[in-house]
Amino acid sequence: YEIKKDDYLIIDKNIELNFYNEVAFVAIKNGMHDTKGYVFCSSNSNFKIPEKSTHISKIYDLILSYF
């Protein structure tokens, strides 16, 4: 679904993020042009970055496991 300016992400009932400001738009059609995909994470995000290459389709599970 489209992420809109008034969409918020609430974590542990005490952290509220404006989700629209936290993501970058990438059209699904753009992801179909190449089999390679990349994800960039801030070094201070505490996101567990895989040690070796991971298929782009696993990014959803990695993000979900973060929460």
Side-chain angles (χ1 to χ4, degrees):
Y1 298 104
E2 178 184 357
I3 298 171
K4 299 183 180 166
K5 289 184 179 183
D6 60 348
D7 286 340
Y8 283 83
L9 180 63
I10 300 172
I11 303 168
D12 293 333
K13 298 181 183 177
N14 60 2
I15 300 173
E16 186 174 299
L17 298 173
N18 181 295
F19 200 48
Y20 182 86
N21 293 333
E22 302 296 326
V23 298
F25 173 75
V26 177
I28 293 174
K29 66 178 184 160
N30 292 342
M32 295 180 191
H33 294 287
D34 196 328
T35 57
K36 284 189 176 182
Y38 302 92
V39 64
F40 296 93
C41 302
S42 173
S43 60
N44 63 355
S45 68
N46 295 324
F47 184 75
K48 184 179 177 187
I49 300 170
E51 293 181 18
K52 55 185 178 177
S53 294
T54 302
H55 192 273
I56 195 73
S57 66
K58 302 296 180 192
I59 298 300
Y60 173 81
D61 293 330
L62 290 171
I63 293 170
L64 194 60
S65 69
Y66 178 75
F67 298 100

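Quick caveat: nothing in here was measured; it's all calculated off a predicted structure.
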Query - Set of side chain to side chain contact (heavy atoms under 4.5 Å, CB included) partners for Ile10, sequence neighbours left out - result: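 So Ile10 forms a side chain to side chain contact (heavy atoms under 4.5 Å, CB included) with Glu16.
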Query - All side chain to side chain contact (heavy atoms under 4.5 Å, CB included) counterparts of Glu2, not counting sequence neighbours - result: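 Side chain to side chain contact (heavy atoms under 4.5 Å, CB included) check on Glu2 returns Lys4.
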**Report entry** Members sharing Tyr60's hydrophobic cluster (side chains within less than 4.5 Å)
**Finding:**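 Members besides Tyr60, by chain and number: Leu64.
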Query raised in the report: How long is the gap from OH on Tyr8 to CD1 on Ile15, to the nearest 0.5 Å?
Result: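 Rounded to the nearest 0.5 Å, the OH-CD1 separation comes out at 15.0 Å.
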Query - Separation between CD1 of Ile3 and CZ of Phe19, rounded to the nearest 0.5 Å - result: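 It is 4.5 Å, given to the nearest 0.5 Å.
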Report task. For residues Asn18 and Lys5, report the shortest heavy-atom separation together with the two atoms involved. Result ->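 Answer, listing the atom of Asn18 first, then Lys5: ND2-O, 3.0 Å.
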